[in-house]
**Student:** 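The structure follows.
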Amino acid sequence: MADIEFQPLDRNGIAARIAQDIPEGWFVNLGIGIPTGVSDFVPMDREVIFHAENGVIGIGPAPAPEDINPFLVNAGVQPITLRTGGAYVHHADSFAIARGGHLDLCVLGAFEVAQNGDIANWARAAGEPTKQVGGAMDLAVGAKRLWVAMEHNTKGKGQSRIRRVCSYPLTAKGVVKRVYTDLAVLEVTDRGFLVLDMVPGLTRDALQARTEAELIWP
Amino acid sequence: MADIEFQPLDRNGIAARIAQDIPEGWFVNLGIGIPTGVSDFVPMDREVIFHAENGVIGIGPAPAPEDINPFLVNAGVQPITLRTGGAYVHHADSFAIARGGHLDLCVLGAFEVAQNGDIANWARAAGEPTKQVGGAMDLAVGAKRLWVAMEHNTKGKGQSRIRRVCSYPLTAKGVVKRVYTDLAVLEVTDRGFLVLDMVPGLTRDALQARTEAELIWP
Amino acid sequence: MINKFVATLAEAMAGIQDGSRILLAGFGAGTPELLMRGLIEQGAKDLTLIANAGGRMDGPIAELLATGHVRKLVCSFVRADSEAGKRMQAGNLEVEIVPQGTLAERIRAAGSGVQAFYTPTAADTLLAEGRETRVINGRNCLLEYPLAGDVALVDAWQADRWGNLTHRDSARNFNPVMAMAAPLTIVQTRHVVELGAIPPEHVHTAGVFVQRVLHVPMLHSPA
Amino acid sequence: MINKFVATLAEAMAGIQDGSRILLAGFGAGTPELLMRGLIEQGAKDLTLIANAGGRMDGPIAELLATGHVRKLVCSFVRADSEAGKRMQAGNLEVEIVPQGTLAERIRAAGSGVQAFYTPTAADTLLAEGRETRVINGRNCLLEYPLAGDVALVDAWQADRWGNLTHRDSARNFNPVMAMAAPLTIVQTRHVVELGAIPPEHVHTAGVFVQRVLHVPMLHSPA
């Protein structure tokens with residue numbers, strides 16, 4: 001395989017790629033991890049309104065250290081700013097937004113995505129000693145569109161996270177619309193993963209070789 | 001019967017009698033009709049907080065005609081004032097208060113009350129050409145205490161509204177704690193209506209003669 | 001730049017389909033009366049109107065009903081001596097009576113992704129006849145489903161170009177709740193303000209729930 | 001005269017019983033840390049703690065857990081490397097994981113008289129195992145019950161003597177919702193204001209939901 005001829009995106013690169021596809025006017029929730037970085041790549045004059053589960057509507061750029069407001073954090077408990085036109089709501093109202101279909105888009109990280117749109121992002125096994133559900137199950141079923149941002153393959157063994165069937169416990173069934181990885185952009189369709197984009201230099205064969213699910217092409 | 005020796009309360013008299021029994025600090029919803037008048041008989045220095053279904057917390061005295069604010073009405077769509085310390089909430093939050101057990105007291109008018117605490121106050125027959133439910137069913141099941149204010153007997157035929165069993169369609173089952181009429185104050189107990197108070201000059205026999213349900217005495 | 005303001009009443013009401021479910025806010029105050037007039041002019045038929053009450057012999061609800069464009073009314077209260085009451089008795093209007101708190105909660109459910117809920121309100125009444133009930137913690141409860149609109153008509157005191165709203169005094173009532181429960185929420189506002197003029201902790205209805213805003217400076221009494 | 005202010009932390013925490021269910025608000029900001037210290041000092045045992053997350057190796061939740069007074073934790077998130085995670089793995093702490101939105105909605109249900117509700121959240125996951133589900137409009141939904149507290153611990157920015165509160169910025173989070181869902185809501189506030197100083201359209205948590213308020217002027221960072 002001609003691996004030397006392409007350069008996988010880094011985490012910021014994935015975030016920037018996603019940012020390209022978000023039009024002005026969308027109301028968007030960004031999960032913890034790669035997704036949080038997406039807002040850095042949306043120019044302020046393209047008005048996209050970012051929501052955080054803890055009741056923040058209209059997240060602005062990260063503050064300078066001397067401007068940190070301890071009363072203002074995002075869902076990852078990082079200091080943030082609020083942009084002009086933003087608003088605060090309480091937690092039940094915030095999840096009314098998330099669960100009630102008011103988010104044009106939610107971007108989550110994941111361990112695995114399956115070709116039927118299943119997502120697994122909270123546990124690697126049923127009995128593991130961590131229970132990191134948070135708001136992901138609410139966001140996954142509630143948003144109008146769910147996109148996933150993740151590395152295409154696991155770090156150690158290089159196993160594919162793009163699956164025929166998820167092997168980890170599910171976060172939600174059949175909800176993922178699109179996956180952005182360091183290698184490609186995949187749309188979940190009735191027939192399986194449709195490749196919308198690949199990093200320059202990557203071949204169809206090389207991508208399929210790194211992917212457990214069968215890929216389809218436009 | 002020695003009818004000439006007692007004077008039934010008028011509607012204001014019933015309201016004033018109820019006001020006597022409301023202690024400072026209670027949070028209270030007053031229904032349309034006789035109950036609306038109760039607040040006029042609670043002195044401002046006894047702090048009782050009155051709630052209206054349309055999201056008003058802390059109703060004050062009625063405004064002078066020149067002070068009417070068209071943006072501020074009660075659940076009967078009458079102009080009101082807000083007292084210092086009051087607040088506005090939206091309709092779902094207002095009924096969260098009413099349905100969530102946060103009202104110390106609700107006072108409603110009624111057509112009939114039964115000795116098991118059933119109340120009928122929205123229709124005189126199943127098929128009648130008016131459907132005046134409003135918020136009564138919510139308030140009746142949601143408040144910590146439900147008191148009823150009404151005339152003891154119907155105007156025309158003098159029939160008893162204090163019943164063994166309600167003859168009109170129910171608003172709610174088993175919720176009335178106390179009834180204030182123009183003749184008496186009745187507590188709903190496991191054994192039936194217990195007479196707590198009567199207007200001066202009224203005899204036990206005269207009250208029972210005007211009451212379909214069997215009364216019990218302290 | 002996000003800008004939800006529209007210039008004319010016709011633009012505000014454009015595209016409302018026959019058969020739409022219309023959420024109409026207001027309770028003595030806070031009724032978007034001009035938008036109701038716009039709905040009549042727009043001419044959509046076979047409507048379901050969801051409002052607190054069925055109105056009187058005059059006023060915006062009576063005017064809309066008089067067009068014959070409303071097939072069904074969902075509300076908590078119908079007076080016998082109202083346009084709605086007369087049409088109901090004549091068999092020209094289907095009416096669904098919902099207790100006022102259940103009405104507000106069903107609309108909120110539609111806006112917040114709750115697919116159904118149990119409430120003791122009305123469980124032991126005629127309104128429960130033939131419907132699903134369940135005893136929870138010893139209380140008889142009625143199963144209620146969300147009540148969504150295709151369109152919500154909303155009144156505001158202030159609005160900015162993102163659609164953030166404030167509502168004045170008790171004119172708030174159903175406005176924030178109905179704004180949540182329709183994919184097309186149309187607002188009439190007394191005041192237009194700059195983005196950021198409403199402090200973020202004082203927004204009553206967030207712009208995410210609003211699609212179109214029409215400035216109606218002269219409709220309300222002055223203040 | 002209604003006056004919900006108490007003078008001391010001991011007075012604020014008085015009467016909390018063994019076996020109580022404690023709602024603890026906060027999400028990075030808005031955590032009533034002094035009241036948590038008061039709860040430890042007060043000494044009630046066999047507690048159920050309901051909070052967004054299980055905390056870390058230090059901080060108020062870790063300190064409370066270290067007393068051994070918490071039997072059960074209900075939250076959306078437990079880190080393996082936290083006091084809660086270690087106690088859970090050692091079998092010393094029962095943990096119920098609830099998705100964050102379902103957690104907020106269950107608490108709101110408790111405060112608003114909803115006896116149960118159906119949500120698609122978590123319906124097709126391990127969290128649904130052995131539980132009641134129902135297909136509504138083609139979506140698999142999970143039946144969820146209200147989550148009430150015996151006591152709610154709440155943080156505020158301003159409070160008046162009726163218990164009306166404001167919350168600052170994103171320190172609002174669970175505070176207004178949890179205040180609704182317990183018969184004893186105890187508040188720590190940074191600022192005490194005169195009755196009427198909070199405009200009626202800007203109250204975030206109405207006094208009806210509040211029983212006791214403790215003034216804690218120095219706890220927060222200055223502002």
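Side chains are part of it too, since the values below use all heavy atoms of this structure and drop only hydrogens, waters and symmetry mates. Chain A is the first sequence line, chain B the second, and so forth, proteins listed ahead of strands; every chain is numbered from 1.
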**Student:** Looking at D/K4, I want to see if its NZ is surrounded by more than 12 non-hydrogen atoms of other residues, nucleotides or ligands under 6.0 Å.
**Tutor:** yes
**Student:** Out of curiosity, D/D169 CG to A/L82 CG, how far, rounded to the nearest 0.5 Å?
**Tutor:** 8.0 Å
**Student:** As an exercise, state the distance from CE of A/M137 to OG of D/S76, rounded to the nearest 0.5 Å.
**Tutor:** 10.5 Å
**Student:** So how far is it from D/D124 CG to A/D118 CG, rounded to the nearest 0.5 Å?
**Tutor:** 8.5 Å
**Student:** If I take atom CG from residue A/L170 and atom CG from residue D/L127, how far apart are they, to the nearest 0.5 angstrom?
**Tutor:** 11.0 Å
**Student:** Heavy-atom cut-off 4.5 Å, strictly under: side chain, backbone, both or neither for A/D93 against chain D?
**Tutor:** neither
**Student:** Apply the test side-chain contact (heavy atoms from CB on, under 4.5 Å) to residues D/R139 and A/V141: give CA-CA distance (whole Å), side-chain angles for both, the deciding distance (0.1 Å), then the verdict.
**Tutor:** CA-CA 10 Å; D/R139 297 186 84 176; A/V141 304; 3.9 Å; yes
**Student:** How about A/N54 and D/R172: do any of their side-chain heavy atoms sit closer than 4.5 Å?
**Tutor:** no
**Student:** Under 4.5 Å from any heavy atom of chain D, what part of A/A75 do you find: side chain, backbone, both or neither?
**Tutor:** both
**Student:** Does D/R168 qualify as a cation-pi partner of A/F71, given the criterion of NZ or CZ under 6.0 Å from the six-membered ring centre and within 45 degrees of its axis?
**Tutor:** yes
**Student:** Would you mind checking which part of A/V56 comes under 4.5 Å of any heavy atom in chain D, side chain (CB onward), backbone (N, CA, C, O), both or neither?
**Tutor:** side chain
**Student:** Can you tell me how far the CZ atom of A/R99 sits from the OG1 atom of D/T119, to the nearest 0.5 Å?
**Tutor:** 3.5 Å
**Student:** Taking all non-hydrogen atoms of both residues, which atom of A/H90 and which atom of D/P176 are closest, and how far apart?
**Tutor:** CB-CG, 3.8 Å
**Student:** Heavy atoms only, distances under 4.5 angstrom: which of A/N74, A/V133, A/V77 has the most pairs with chain D? Name it, please.
**Tutor:** A/V133
**Student:** Determine whether more than 12 heavy atoms belonging to other residues, nucleotides or ligands lie under 6.0 Å from atom CZ of A/R46.
**Tutor:** yes
**Student:** Is there a side-chain contact between D/Q100 and A/F95 in this structure, where contact means two heavy atoms from C-beta onward sitting under 4.5 Å apart?
**Tutor:** yes
**Student:** Measuring only between side-chain heavy atoms, which start at C-beta, is A/T171 closer than 4.5 Å to D/T125?
**Tutor:** no
**Student:** To the nearest 0.5 angstrom, please state how far the CD1 atom of A/I59 sits from the OG atom of D/S170.
**Tutor:** 9.5 Å
**Student:** Tell me, out of D/A29, D/A104, D/G101, who's got the most heavy-atom pairs with chain A below 4.5 Å.
**Tutor:** D/G101
**Student:** Backbone N or O of D/T102 within a donor-acceptor pair of the A/D138 side chain at under 3.5 Å?
**Tutor:** yes
**Student:** Relative to chain D, which segment of A/Y88 carries a heavy atom at a distance below 4.5 Å: side chain, backbone, both, or neither?
**Tutor:** both
**Student:** Mind checking whether D/F27 and A/H91 have ring centres under 6.0 Å apart?
**Tutor:** yes
**Student:** Please state whether the side chain, the backbone, both or neither of A/A92 comes within less than 4.5 Å of a heavy atom of chain D.
**Tutor:** both
**Student:** Is the count of non-hydrogen atoms from other residues, nucleotides or ligands lying under 6.0 Å from A/Q20 atom CD greater than 12?
**Tutor:** yes
